[in-house]
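Just so it is clear, the structure is predicted and the values come from calculations on it, not from any experiment. So that the names make sense, note that chain A is the first sequence line, chain B the second, and so on, each numbered from 1.
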Amino acid sequence: MSVVVIDSGGANLASLCHALARLGVSASVSRDPAVIAAAPRVLLPGVGAAADAMSRLASFGLVETIRRLEVPLLGICLGMQLLFEHSAEGDTPCLGLLPGRVERLPASPELPAPHMGWNTVTRTAADALLDRLEGRHFYFVHGYGLRPVPCTTSICEYGGPWSASVARGRVHGVQFHPERSGAAGALLLANFLQCS
Amino acid sequence: MLAKRIIPCLDVRDGQVVKGVRFRDHVVVGDILELAARYRDEGADELVFYDITASPEGRSVDRDWVDRVARVLDIPFCVAGGIRSVADAEAILNAGAEKISVNTPALANPGLISDLARRFGSQCIVVGIDSETTTTGFRVYRDTGDPTRSRDAGRDTLAWVREVQDRGAGEIVLNCMASDGVRNGYDLRQLSAVRAECRVPLVASGGAGSALHFVAVFRDAKVDAALAASVFHRGTLVIRELKLELQGAGIEVRT
């Protein structure tokens with residue numbers, strides 16, 4: 001099974017590749033539009049700021065490549081947020097593959113931001129990626145997020161509900177980090193590798 | 001519901017895990033990868049690797065073991081010690097660490113926090129603060145990895161907590177020096193004072209000796225995570241059992 005991880009410049013590339021390696025999958029990391037367009041399965045990781053990530057994707061000529069993908073695509077953390085229309089982080093237009101807008105998490109001593117740590121997810125719609133994962137803890141770390149949108153498939157509670165996973169057709173996204181979510185994360189990645 | 005995190009801290013010196021009492025007299029407690037795998041399997045939520053010699057000796061963390069740890073761990077980990085520049089941090093994050101933590105170099109150059117947050121995002125920038133209770137309040141200490149150089153950094157702890165958040169720190173680890181390694185409980189008074197100023201996640205450090213100390217620090221000081229070393233290294237507490245006790249006390253944990 002071959003998988004291409006988009007080199008979005010974020011710092012979680014190594015941990016994602018290690019997690020895939022633990023599942024017996026050797027992933028190639030690429031920023032080459034031709035390689036990504038020909039991949040049977042694509043992951044879009046991301047850590048950092050939305051504007052930086054979008055300008056990086058644009059500078060590699062990847063925006064249209066990603067928009068035109070017809071294979072399973074999984075956006076992780078910032079990578080999930082980039083799938084949507086717009087992010088309040090740096091007032092950034094994103095890929096627009098899914099309808100919705102990313103907003104900033106409010107911060108207070110009662111509810112610190114970023115939302116950091118292990119939170120449970122509650123499924124709100126059918127999603128093959130979440131098979132056998134109802135109620136498990138996943139590792140989240142994000143200062144921006146999406147409230148529930150029509151394509152939300154699970155939510156986490158943090159001062160109200162936030163989208164924990166989204167899906168529409170072959171486009172999937174998770175706000176948490178499966179590559180750092182222990183056995184539950186490994187199972188989610190394995191589910192993605194199986195989905196069509 | 002967001003779980004409270006249990007974080008074993010592995011003090012690293014010359015590639016081995018060591019532990020001292022009140023930052024002094026370090027003894028070797030084990031191999032990095034062995035301990036990392038053990039804590040992962042016992043249910044640790046995160047690990048911190050702290051190169052305690054890096055900062056005072058003016059050198060950066062040796063990157064080799066970061067890569068090896070990243071291959072083994074499927075939970076987040078943070079690397080601290082001697083990170084002085086964006087390039088130092090980048091090397092560690094690219095090797096697979098989730099977070100980097102800065103302490104003394106941020107006191108010498110507070111702009112470092114802003115630079116790191118701008119480049120990598122606040123979510124992976126942790127600021128470690130070593131703090132002492134004095135007659136004039138809580139004071140920040142620097143160069144605490146070396147007892148001969150450890151000294152007052154000339155800053156009030158609460159003011160520094162506010163400043164590092166304004167500069168983009170995504171998490172604060174407050175190490176209460178008087179309780180470190182003594183195992184008489186976390187400094188609830190100091191941690192509660194810092195909690196009131198802290199709108200980013202707060203990690204308690206220094207003083208864990210029993211499960212009740214963890215219950216108290218989560219319930220009374222309302223911290224997001226609790227860090228400990230010797231109780232775990234010595235086997236006084238096993239993380240899996242600790243979590244069951246926390247659960248019994250009504251505290252949300254990942255089991």
- Item | Residue, of B:G121, B:P76, B:S122, that accumulates the most heavy atom pairs under 4.5 Å with chain A |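 Top option by heavy-atom pairs under 4.5 Å: B:P76.
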- Selection from B:K99, B:Q123, B:K4 maximising heavy-atom pairs under 4.5 Å formed with chain A: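 Most pairs with chain A among the choices: B:Q123.
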Residue [X] versus chain B: region with a heavy atom under 4.5 Å:
X: A:A21; result: neither
X: A:H177; result: neither
X: A:T120; result: both
X: A:R136; result: neither

Ion pair check, [X] and [Y], cut-off under 4.0 Å:
X: B:E46; Y: A:R180; answer: no
X: A:D131; Y: A:R123; answer: yes
X: B:E34; Y: B:R38; answer: no
X: B:D45; Y: B:R5; answer: no

- Tell me, out of A:G182, A:G185, A:A107, who's got the most heavy-atom pairs with chain B below 4.5 Å.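 Among the listed options, the one with the most contacts to chain B is A:G182.
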- Task: With a 4.5 Å cut-off on heavy-atom pairs, point out which of A:A49, A:G117, A:A113, A:A186 contacts chain B the most.
- Result: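 Among A:A49, A:G117, A:A113, A:A186, the one with the most close pairs to chain B is A:A113.
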Does either side chain, that of [X] or that of [Y], offer a donor lying less than 3.5 Å from an acceptor on the other one?
X: A:H142; Y: A:Y158; answer: no
X: A:S87; Y: A:T92; answer: no
X: A:Q175; Y: A:S165; answer: no

Portion of [X] that has a non-hydrogen atom of chain A nearer than 4.5 angstrom:
X: B:E90; answer: neither
X: B:R118; answer: backbone
X: B:A196; answer: backbone
X: B:E197; answer: neither

- Value rounded to 0.5 Å, distance of CD in B:E42 from NZ in B:K243: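 One gets 10.5 Å once the value is rounded to the nearest 0.5 Å.
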